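Worksheet for the structure shown next.
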Protein chains: 2
Amino acid sequence: MPRHPSTSRFAILGALEWEGPLSGYHIRAWIKGSVSHFWSESFGQVYPTLERLHSERLIEPAHTEQGPRRATIWRITAAGRAALAAWLRTPAAPPTPRLEWLLKCMLSHHDPIATAAHVNGVQHAAESQLRALHAAAELVTQQEHDPRRRAHALLTIAAGRLAAEARLAWVAEARRTLELDTESEAPSDARRASKPRTTP
Amino acid sequence: MPRHPSTSRFAILGALEWEGPLSGYHIRAWIKGSVSHFWSESFGQVYPTLERLHSERLIEPAHTEQGPRRATIWRITAAGRAALAAWLRTPAAPPTPRLEWLLKCMLSHHDPIATAAHVNGVQHAAESQLRALHAAAELVTQQEHDPRRRAHALLTIAAGRLAAEARLAWVAEARRTLELDTESEAPSDARRASKPRTTP
DNA sequence: CGCGGCATATATCTGAATGATATATTGGGA
DNA sequence: TCCCAATATATCATTCAGATATATGCCGCG
């Protein structure tokens, strides 16, 4: 995934610009809570990157809590803002695709049962993502009052929604072209035990 | 992306099962040429993984070209087929999202020009992907005669098409909600030079 | 009151993966 | 003939995820 320059650097700068000063822990919490539908960072990436950004003067400690609950709160500097703005004016690198579910669907051409399970998995994942995105959109609408920030945040949610709906459309097409034991539409009730969970 | 067990292993086994015996070079060429819309591998991953698969008896050399054009042609073994089938019956791990274009769109809320550039970039990428997928679908239709292999291959292409169309729908929604200098629809002719390429 | 569990907070390591670079050789086209 | 693209493999630095380790404060439950 890495085409040399780290993108984590800019995600972290972006978190600090969007939310104001934060600790490493809360940077990661924001990414996990607010932009998880299109971005992710791990702690193993956040803390070393903060050190590096600090040594480059792109962030600075706003203050450090002493005592047992010690935490460094980081603030973006003017240089950091400039670096972020420069990166934002740069075209986005195309993602290197790695969609395990599609690889499995293609290679399962021998095995209709496995294929059906993957199609069901895609459906369930897309449905639960749609529910999560709906909740996220409500939250943004209630809490974000700046019109531009709100519009941009809602647009990222819309992107997730459209992508999830596209996956549901694909599920329908898959069930149509292959002829699968659908196990969707759930006509009435309890033949639940028919799909045992495979524990990998 | 790596949740410890390497997925490259199975992509390579899958290539050998789908296409028959291949050299490392041609495994990579197949991935780049036939499944690039949902998978990718680098040489730096292919060759060490082949060694590992060989040491585990999941693949074996079909024969080795001597002389200057030396190349090891690898074949999947019965054990390899079994390992692949077991993996295929396992639910796909959810992808860890990292969509640089969405991160940039969200963080560009200050900068309508950068935002418009990213929206245009998404549009152009989606359009060129749709053209590529159209060509890929024609190729599969002409060359793949086994009905199940053909159906599964076309389904992966359909997934790419639906995702690209969803991105185009997002572009339209973005242009509607933000109010952007669109530079799309191209009503007549030559004001082409208005978008200088930024060289990063 | 004590204790367990959860949130806060940071550090570190392994293994996976990309993309670049290096090194050969062969065949075809200008 | 000469150069470039394709064939073919190997290796390296860097990025990144995810697991694990280590503290502590706070809250509720019995």
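Heavy atoms only: backbone and side chains are in, while hydrogens, waters and symmetry mates are out. The structure presented is a predicted model; accordingly, all values stated were derived computationally and were not measured.
B/Gln45 has no side-chain polar atom (N or O) that falls below the 4.0 Å cut-off from OP1 or OP2 of C/dT18. For B/Arg28 and D/dA8, the shortest distance from a side-chain N or O to OP1 or OP2 is not below 4.0 Å. OP1 or OP2 of C/dA16 has not a single side-chain nitrogen or oxygen of B/Arg9 nearer than 4.0 Å. At D/dA10, none of the side-chain N or O atoms of B/Tyr47 fall inside 4.0 Å of OP1 or OP2 (strictly under the cut-off). Proximity of B/Thr72 to the phosphate of D/dA8: no side-chain N or O atom is located under 4.0 Å from OP1 or OP2.
With respect to B/Arg167 and B/Glu127, no salt bridge is recorded, no charged nitrogen being found less than 4.0 Å from a carboxylate O. Ion pairing of A/Arg28 with A/Glu41 is absent here, as no side-chain N (NZ or NE/NH1/NH2) approaches a carboxylate O to less than 4.0 Å.
Taking CZ from B/Phe10 and NZ from A/Lys104, the interatomic distance works out to 8.5 Å, rounded to the nearest 0.5 Å. For the atom pair CD1 of B/Ile59 and CG of B/Leu50, the computed distance is 4.5 Å after rounding to the nearest 0.5 Å.
Where B/Phe43 and A/Ser8 meet DNA chain D, the nucleotide closest to each residue was compared, and B/Phe43 sits on the side nearer the 5' end. Heavy-atom distances to DNA chain D give each of B/Glu51 and A/Ser40 a nearest nucleotide, and the one nearer the 5′ end belongs to B/Glu51.
Base contact: B/Gly44 has a heavy atom under 4.0 Å from a base atom. When heavy atoms are screened at a 4.0 angstrom cut-off, B/Ser42 is found touching base atoms of the nucleic acid. Nucleic acid contact class of A/Arg52 (heavy atoms, under 4.0 Å, all strands): sugar-phosphate only.
Put simply, CD on A/Glu41 is 16 Å from P on D/dA19, counting in whole angstrom units. One atom, CH2 of B/Trp30, and another, P of D/dT7, lie 17 Å apart when rounded to the nearest Å. Atom C1' of nucleotide C/dA17 and atom CD of A/Glu100 are separated by 14 Å, given to the nearest angstrom. Atom CZ of A/Arg98 is separated from atom C1' of D/dT15 by 14 Å (rounded to the nearest Å). D/dA10 atom P lies 12 Å from atom CD1 of B/Ile27, rounded to whole Å. In this entry the distance linking CH2 of B/Trp74 with C1' of D/dT7 reads 17 Å, nearest Å. One interatomic measurement links the two molecules: CG of B/Leu50 to C1' of D/dA8, which rounds to 12 Å at whole-angstrom precision.
The side chain of A/Thr7 sits closest to D/dC16 out of D/dC16, C/dA9, D/dG18. Out of C/dA9, D/dT9, C/dA17, the shortest distance to the side chain of A/Ala71 is found at C/dA9. Comparing D/dA17, C/dA17, C/dA7 against the side chain of A/Tyr25 picks out C/dA7 as the nearest.
A donor-acceptor pair under 3.5 Å is formed between the side chain of A/His118 and the backbone N or O of B/Leu88.
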